[in-house]
Amino acid sequence: MRDAAPVSTPPRVLPPNDPRQYDDLAGEWWRPDGAFAMLHWLARARAALVPPASAVDDLLVDLGCGAGLLAPHLSGKGYRHVGVDLTRSALDQAAAHDVTVIQGDATAVPLADGCAAVVSAGELLEHVPDWRRAVAEACRLLRPGGLLVLDTLNDTLLARLIAVELGERLPTVPRGIHDPRLFVDDRALVSECARHGVALRLHGIRPELGGTLAWLLRRVRGGDRPAGTEPRIVPTWSTAVLYQGRGHRSG
């Protein structure tokens, strides 16, 4: 009698933006051309907004740190890098990249008021059910004169089209990783930061066209990425899809 063929378990179907997706994708974080490839590009661009630390004990709090993709780009800048995230499997990888990790919610961080010289909120706000609470918490953590850096998706039809309807059909982008109902209106974000003493300045950003097309072609063909060919994030005139913010807390 022939043995029965093994039954493969189909991937579980989760609601859009469900945090459990990140456990399912735990092996993708540090693959340069994996599911989180664009997060690597954005981390490099966000780190470019962060100046070197002004003192040896300066703290940088990385909200929604994931597997610590920001860490290599902060190397040599002199910060104590603390990462906050809900996903244990991601935090374990962040810890391996010299990030001091805290498992917790970005809207209730167990750190003292004014403890941070820098707070980073990269690709976070469009994933939290109440982005205003996350903004309030980021601003609370900043010391007077401290720096907030962030990037997120705008609450526009164009952003929904590009990031969800088109973006989630790309070769490595997981379906359902975003819930467009959580996307963040740029004017509302500036206003909310101002309420908490941070004068946030925004500008639009996008992946460079040539590098992104080459990346997509390589993914379709299945080739390896040559060294130094990661697409860059570049400024653009419009904040209608993806935008970056930088601002200091008053006081």
Side-chain angles (χ1 to χ4, degrees), residues 7-46 62-72 83-97 99 101-109 120-135 137-138 150-156 159-184 207 212 215-216 219-220 225 230-231 233 241-243:
V7 177
S8 61
T9 304
R12 57 178 172 175
V13 178
L14 297 171
N17 195 52
D18 192 304
R20 290 173 293 177
Q21 293 179 76
Y22 297 98
D23 286 320
D24 294 345
L25 296 166
E28 294 290 307
W29 280 107
W30 287 96
R31 288 185 57 223
D33 284 343
F36 300 124
M38 190 170 175
L39 297 187
H40 286 260
W41 316 343
L42 287 163
R44 182 172 67 176
R46 192 179 325 117
D62 188 359
L63 299 179
C65 68
L69 303 188
L70 194 62
V84 181
D85 205 283
L86 288 172
T87 306
R88 185 74 251 171
S89 59
L91 290 173
D92 289 342
Q93 296 181 61
H97 287 82
V99 180
V101 300
I102 297 173
Q103 186 171 17
D105 194 317
T107 65
V109 179
S120 169
E123 295 304 293
L124 165 74
L125 298 180
E126 74 272 25
H127 291 289
V128 295
D130 187 347
W131 65 262
R132 287 178 172 81
R133 284 185 61 194
V135 165
E137 191 70 344
L150 58 83
D151 38 75
T152 191
L153 288 160
N154 209 337
D155 184 17
T156 64
R160 296 179 186 199
L161 173 65
I162 292 177
V164 180
E165 300 302 326
L166 297 178
E168 292 187 9
R169 298 181 190 276
L170 293 177
T172 64
V173 179
R175 291 288 288 174
I177 203 73
H178 295 108
D179 181 346
R181 295 173 298 180
L182 302 180
F183 288 4
V184 182
T212 305
W215 175 78
L216 286 171
R219 290 299 304 150
V220 170
R225 177 175 68 89
E230 180 182 279
I233 297 294
V241 179
L242 180 64
Y243 61 93

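All residue numbers in this chain count up from 1 along the given sequence.
- To the nearest 0.5 Å, atoms CD1 (I102) and CG (D62) are separated by 11.0 Å.
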*Worked verdict on R46 versus L70 for side chain to side chain contact (heavy atoms under 4.5 Å, CB included)*: CA-CA 8 Å; R46 192 179 325 117; L70 194 62; 3.8 Å; yes
*Could you give me the CA-CA distance, side-chain angles and deciding distance for R160 and D155, then say whether side chain to side chain contact (heavy atoms under 4.5 Å, CB included) is met?*
CA-CA 8 Å; R160 296 179 186 199; D155 184 17; 3.1 Å; yes
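- The environment of CZ in R181 is sparse: at most 12 heavy-atom neighbours from other residues, nucleotides or ligands sit within 6.0 Å.
- The structure places CD of Q21 at 7.5 Å from CG of D24, a figure rounded to the nearest 0.5 Å.
- With T152 as the fixed residue, the side-chain contact (heavy atoms from CB on, under 4.5 Å) test singles out one of L182, L242, V184: V184.
- Using the six-membered ring where Trp is involved, Y22 and H127 have ring planes that are perpendicular, over 60° apart on the 30 and 60° scheme.
- Side chain of Q93 to main chain of G68: no donor-acceptor pair is present (N/O by atom type, distance under 3.5 Å, no hydrogens or angles).
- Residues that satisfy the side chain to side chain donor-acceptor pair (under 3.5 Å) test with E123, not counting sequence neighbours, are absent from this structure.
- In terms of heavy atoms, I177 sits closest to N17 at O-OD1, 3.6 Å.
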*asked:* Show, in sequence, the C-alpha distance, side-chain angles and deciding distance for W30 and H40, and conclude whether the side chain to side chain contact (heavy atoms under 4.5 Å, CB included) test is met.
replied: CA-CA 8 Å; W30 287 96; H40 286 260; 3.8 Å; yes
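- Nearest heavy atoms, P32 versus A37: O-CB, 3.3 Å.
- For the pair E230/P207, no side-chain contact is recorded, criterion being any heavy-atom separation below 4.5 Å from C-beta on.
- Side chain to side chain, E126 and H178 fail the donor-acceptor criterion of an N or O pair below 3.5 Å.
- A pairwise comparison of heavy atoms in W41 and I233 identifies O-CG1, 3.6 Å as the closest pair.
- Between L25 and S89 the shortest side-chain heavy-atom distance does not fall below 4.5 Å.
- Looking only at distances, no side-chain donor or acceptor of D179 sits under 3.5 Å from a matching main-chain atom of P16.
- The structure places CD of E165 at 11.5 Å from CD1 of I162, a figure rounded to the nearest 0.5 Å.
- For the residue pair G64 and L124, the shortest heavy atom distance occurs at CA-CD1, 4.0 Å.
- Note that CG of L125 is 11.0 Å distant from CZ of R132, once rounded to the nearest 0.5 Å.
- Closest of all the heavy-atom pairs between L39 and W29 is CD1-CZ3, 3.9 Å.
- The line from OG of S120 to CG of D151 is 7.0 Å long, rounded to the nearest 0.5 Å.
- P19 and T87 make their closest contact through O-OG1, 4.1 Å (heavy atoms, listed as atom of the first residue, atom of the second, distance).
- Atoms CG and OH, from N154 and Y243 in turn, are 5.0 Å apart once rounded to the nearest 0.5 Å.
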